[in-house]
Number of protein chains: 2
Amino acid sequence: MARAATTTDAFNAVAEPRRRQILDLLARGELAVNEIVERMGVAQPLVSKHLKVLREVGLVDVRDDGRRRLYRLDPVPLKPIHEWVRGFEQLWSERFDRMDVVLEELMEAENDERKHDHDPQRDGDAAG
Amino acid sequence: MARAATTTDAFNAVAEPRRRQILDLLARGELAVNEIVERMGVAQPLVSKHLKVLREVGLVDVRDDGRRRLYRLDPVPLKPIHEWVRGFEQLWSERFDRMDVVLEELMEAENDERKHDHDPQRDGDAAG
DNA sequence: GAAGCGTATATCCATATGGGAATACGTCAA
DNA sequence: TTGACGTATTCCCATATGGATATACGCTTC
């Protein structure tokens, strides 16, 4: 019945453009409510409401500072979104129209993760 | 006023779990409505409704086949989501604890985007 | 304590959602 | 044509949204 609450998960929370905008702002660093209000040009109560939604899905943390409240980004709840969409990436990306390249990149990525030992000179070729 | 329509963009369309499920199913290949209904175990009119939303945001294409309608995935509208979330990836991912690697990957991505201009007549060359 | 600031909460409203049920529509088989 | 099938559409409802406005709360300074 009715649409799922915006506080259900990050998918729903982030469907609202202004909430994405807030997250974009907070990506640069901690901000007080009023600073967000000024940068966005919307009413303060509205910003507080959006922040509440973001808090409830864990996308932001709050910290008291005198009579101000400083909000900080917590990107972790975005992970499921990233992972879900990522599964479709190969279906649109030009980078993936040749399977050998795809596999090569995947293996490089795995190697990077496993031994943190990547090749320092690989800028003259490829993709060109 | 009121929440933005589900048909506003992919962000809103995809906020609904069943719609993500449909896209997951279609990622494997074209499906008729009834096949989706069976795999999801929900009422047929509901599936048709969800498909309509997905159609309106361009996430699926339809094709008539006798009295059936075959739905096919079109992942392109997911791109903005992927790109937006990707901007936050470095904030949680282990792969990004080495800044040099991060910067290198970002520059590659930018180059890829800028050169989108690649030769339309030949698809067998370059890129590798 | 009073005033003022920064922020959160409470109403109010129009809107349209996801679901269920019933039904209309188009196509194929007798 | 008649019927069955596969899909889409219509009507109904409870729900809660985003925004506007007004107000309450907590802290700080006087």
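Order of the sequence lines fixes the chain letters, A, B, ..., with proteins taken first and strands second; residue numbering starts at 1 for each chain.
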Test item: side-chain donor near acceptor, B:R18 and B:H50, under 3.5 Å = no
Could you identify which residues of residues 20-40 of chain A place a heavy atom less than 4.0 Å from some atom of DNA chain C, listed by residue number, or say none?
-> A:A32, A:V33, A:N34
Between A:V14 and A:M40, is there a shared hydrophobic cluster once you connect ILVMFWY residues whose side-chain heavy atoms come closer than 4.5 Å?
-> yes
Donor-acceptor pair, B:E35 side chain versus B:A32 backbone, under 3.5 Å?
-> yes
Give the cluster check for B:V60 versus B:L70: same hydrophobic cluster or not, with ILVMFWY residues linked at side-chain heavy-atom distances below 4.5 Å.
-> no
Please tabulate the protein-to-nucleotide N/O contacts below 3.5 Å involving nucleotides 17-22 of chain C, giving atom names and distances.
| from | atom 1 | to | atom 2 | distance (Å) |
| --- | --- | --- | --- | --- |
| C:dG18 | OP1 | B:R19 | NH1 | 3.2 |
| C:dG18 | OP1 | B:R19 | NH2 | 2.8 |
| C:dG18 | O4' | A:A2 | O | 3.2 |
| C:dG18 | N3 | A:A2 | N | 3.2 |
| C:dG19 | OP1 | B:R18 | NE | 2.9 |
| C:dG19 | OP1 | B:R18 | NH2 | 3.4 |
| C:dG19 | OP2 | B:H50 | NE2 | 3.0 |
| C:dG19 | N7 | B:K49 | NZ | 3.0 |
| C:dG19 | O6 | B:K49 | NZ | 3.4 |
| C:dG20 | O6 | B:K49 | NZ | 2.7 |

In whole angstroms, how far is the C1' atom of D:dG6 from the CG atom of B:L70?
-> 11 Å
Determine whether A:V85 and B:K79 make a side-chain contact, defined as any pair of heavy atoms from C-beta on separated by less than 4.5 Å.
-> no
Per the under-4.0 Å heavy-atom filter, residues of residues 58-69 of chain B near DNA chain C come out as B:G66, B:R67
Report yes if a side-chain nitrogen or oxygen of A:Y71 is closer than 4.0 Å to either non-bridging phosphate oxygen (OP1 or OP2) of C:dG6; otherwise report no.
-> no
Check whether any side-chain heavy atom of A:V57 lies under 4.5 Å from a side-chain heavy atom of A:D9, and answer yes or no.
-> no
Which atoms form the tightest heavy-atom contact between B:G58 and B:P77, and what is the distance?
-> O-CG, 3.4 Å
Side chains of A:Y71 and A:R55: is there a donor and an acceptor less than 3.5 Å apart?
-> yes
Shared hydrophobic cluster for B:L23 and B:W84 (ILVMFWY, side-chain gaps under 4.5 Å) | yes
Please say whether the positively charged group of B:R20, taken as NZ for Lys or CZ for Arg, lies over the ring of A:F11, i.e. under 6.0 angstrom from the six-membered ring centre and within 45 degrees of the axis.
-> yes
